[in-house]
Amino acid sequence: MRELFSHSKTIIALGIGLMLLQSNTGLAQSSTSHSPYSQFGIGQIREDLLPQTRAMGGVSTGVRYQGGLPILNISNPASYSALNRTILDAGLYGNLTQLEKSGSVGNTADFAFSHFAFGFSLNKSNGPKIGGVSFGLLPYSDVGYSTAATRQIDNISYKTSLVGEGGINKAYVGYGVSPFKGFSIGANVGFLFGNLYDKSMIEFPYEAGMYNTVQTLTRETRGATVDYGVQYFKSLGNQWNITFGYSGSLNNAVRSKTSSLVTLTQTDPGSENVEQVAQDTSAFDLLSNRKFNLPLKHNVGITLSKGINWSIGADFKYADWSNFQTREGEQKLGKNLGFAIGGQFKPDATSNKYLNVVDYRLGFRYNKSHITINNHRLSDMAVTVGLGLPLPETNFGRTFSNINISAEVGQLGTMNHNLVRERYINLNLGFTINDAWFIRRSYD
């Protein structure tokens, strides 16, 4: 008897992962955020959520299954112990934003690769249950703001600008195991990397015959993080199941190296977008090289489901940013408190009508932000919707895939208190492959 083991699918997965890694590395230098509030801290935080849980308001802490099947739930690594197939998930992110203040309105749009995640089971069919593993790459935060004003000196008008861009990515590997029936525990070890840029610019008109000045502060961020979680799951009979979850993170310390580069430029009147042409570097300084603590986070959640037909859940989230500081002298941040509710529904998994086997998802989330401006604490809220679109099964039913779509329609901030109101639509598209990989086949 001979045993065969095919590595072709593993090679394909790793190839896709490397492509997305290269894409994300490049995209980390430009931002998909256009929020003026991303200038605080390390920018706009992107949670460890895939489209299938974002569509339910971000409910994820107590999520172990969707539609009766294990899912890849990065936000709580305890869920990895439920994996019984290999899951490959990759996707795109898009954003539409409207900014409004004092009757002035601006609209922006952007898109980028959003994530690559891979998970598989270590359990043997007739052997010990030793858990599941996941690894991947996804955005952690990004910065994208821009303000400008026109000033005058000696009858010469000039423009001053503050611009922020860049992002931080997170590569992770995680493990989850169920040491005894009904209980699981897991952890993710991540590595953060990326650069954040804060630019201060003074621009004179070309006919003034003067050099412009650009100071770029680069915050190079590197460091390891540890996130962990537990889940308790129990069958209530008649296809009813309940899962309680907790996840959190240590106040991980990562290193930030801040440098300042001052360059002289001159306006090129012949360029279509009036570009700035570098003329000389006048100064380069290393301002600081130190560690800072990321916030301590705690999430608790509960999910109730009935077979493959429907599930509902709720999450409560807390993060303490009080001890966080990346720039010396910047204003203190506070505590972030939030909740999310949501669920999904499949009309009839046995139906021959396609619309009856689609997963329909709906949710709502609300956060009292850690950012306070003009003595007003920012709030962020959104309604979320989504679909899980099944694709035809292949390989005699061993391989089945889904396209997961989610949309978050929300608002951050207000026009009161001399603030900016940010209305946004975040779109996420994910492609999920479920397959029984790593199976040994034999023949005589």
Side-chain angles (χ1 to χ4, degrees), residues 27-45 97 99 101-102 104 106 108 110 141-168 194-222 255-269 271-290 292 324-333 371-374 378 413 418-420 422:
L27 289 167
Q29 308 308 316
S30 61
S31 177
T32 54
S33 172
H34 297 281
S35 172
Y37 303 117
S38 66
Q39 63 186 288
F40 299 98
I42 54 174
Q44 199 165 22
I45 303 298
T97 302
L99 304 175
K101 180 181 180 180
S102 304
S104 191
T108 62
D110 215 332
S141 72
D142 55 13
V143 170
Y145 65 88
S146 177
T147 61
T150 301
R151 306 179 187 277
Q152 197 171 52
I153 182 172
D154 294 335
N155 295 322
I156 299 176
S157 296
Y158 66 96
K159 178 182 176 183
T160 62
S161 305
L162 294 175
V163 176
E165 58 187 26
I168 299 175
N195 295 336
L196 306 177
Y197 303 95
D198 301 295
K199 298 181 179 180
S200 303
M201 296 178 282
I202 299 177
E203 301 175 41
F204 292 94
Y206 178 76
E207 56 271 15
M210 303 176 69
Y211 284 123
N212 306 321
T213 304
V214 179
Q215 181 187 34
T216 303
L217 296 179
T218 301
R219 290 177 283 160
E220 181 183 330
T221 303
R222 303 287 187 274
R255 183 165 294 280
S256 177
K257 183 169 68 174
T258 302
S259 60
S260 170
L261 175 66
V262 179
T263 57
L264 300 180
T265 69
Q266 195 169 38
T267 305
D268 181 5
S271 64
E272 183 177 346
N273 297 316
V274 193
E275 295 179 353
Q276 298 299 309
V277 179
Q279 301 293 324
D280 192 13
T281 298
S282 59
F284 176 80
D285 297 293
L286 179 62
L287 302 182
S288 67
N289 188 356
R290 62 189 181 90
F292 64 88
F324 172 88
Q325 187 183 53
T326 55
R327 306 179 187 92
E328 295 185 7
E330 72 177 352
Q331 72 175 63
K332 290 286 187 179
L333 301 176
I371 300 173
T372 300
I373 305 175
N374 298 338
L378 297 181
N418 197 32
L419 299 178
V420 177
E422 177 183 336

Those residues that, when tested against T97, pass side chain to side chain donor-acceptor pair (under 3.5 Å) (two or more places apart): N95
When you compare the side chain of Q39 with that of D198, does any pair of heavy atoms fall below 4.5 Å? no
Qualifying residues under salt bridge (Lys or Arg N to Asp or Glu O under 4.0 Å), relative to R255, sequence neighbours excluded: none
CZ of F284 to OG1 of T216, rounded to nearest 0.5 Å, is 11.0 Å
Atom of S146, atom of V163 and distance for their closest heavy-atom approach: OG-CG2, 3.9 Å
Nearest heavy-atom pair of I42 and S141: which atoms, and what distance? O-OG, 2.8 Å
If you compare all heavy atoms of L333 against all heavy atoms of G41, which two are closest, and at what distance to 0.1 Å? CD1-CA, 4.2 Å
Would you say the side chain of V214 lies within less than 4.5 Å of the side chain of E203, judging by non-hydrogen atoms? no
Taking all heavy atoms of S260 and all of L217, pick out the closest pair and write down the distance. CB-CD2, 3.6 Å
S38 side chain to G144 main-chain N or O, any donor-acceptor pair under 3.5 Å? yes
Pairwise distance OG1(T213) to CD1(I202) - rounded to 0.5 angstrom: 5.5 Å
I45 CD1 to I168 CD1 distance, which is reported to the nearest 0.5 Å: 7.5 Å
What's the shortest heavy-atom distance between T150 and S157, and which atoms? CG2-CB, 4.4 Å
Just wondering, do L261 and Y197 contact through their side chains at under 4.5 Å, heavy atoms? no
Hey, are the side chains of K257 and R222 touching, using non-hydrogen atoms and a 4.5 Å cut-off? no
Using the test salt bridge (Lys or Arg N to Asp or Glu O under 4.0 Å), find all partners of K159 that sit at least two apart in sequence or belong to another chain. none
So, for L99 and P36, which heavy atoms are closest and what is the spacing to 0.1 Å? CD2-CD, 3.8 Å
Measure the OH-CD1 distance between Y37 and I373 for me, rounded to the nearest 0.5 Å. 5.5 Å
I need the T160 OG1 to M201 CE distance, nearest 0.5 Å. 9.5 Å
For Y145, all residues meeting ring pair (Phe, Tyr, Trp, His ring centres under 6.0 Å), sequence neighbours excluded: none
Rounded to the nearest 0.5 Å, the OG atom of S259 sits from the CG atom of D285 at a distance of 9.0 Å
Modelled atom types, side-chain donor and acceptor of S35 and Q44, under 3.5 Å: no
Could you tell me which residues satisfy side chain to side chain donor-acceptor pair (under 3.5 Å) with T108, sequence neighbours excluded, listed by chain and number? none
Answer yes or no: is there a donor N or O on one side and an acceptor on the other, between the side chain of N212 and the main chain of F204, under 3.5 Å? yes
In chain order, what residues pass the side chain to side chain donor-acceptor pair (under 3.5 Å) check against T221, with sequence neighbours excluded? none
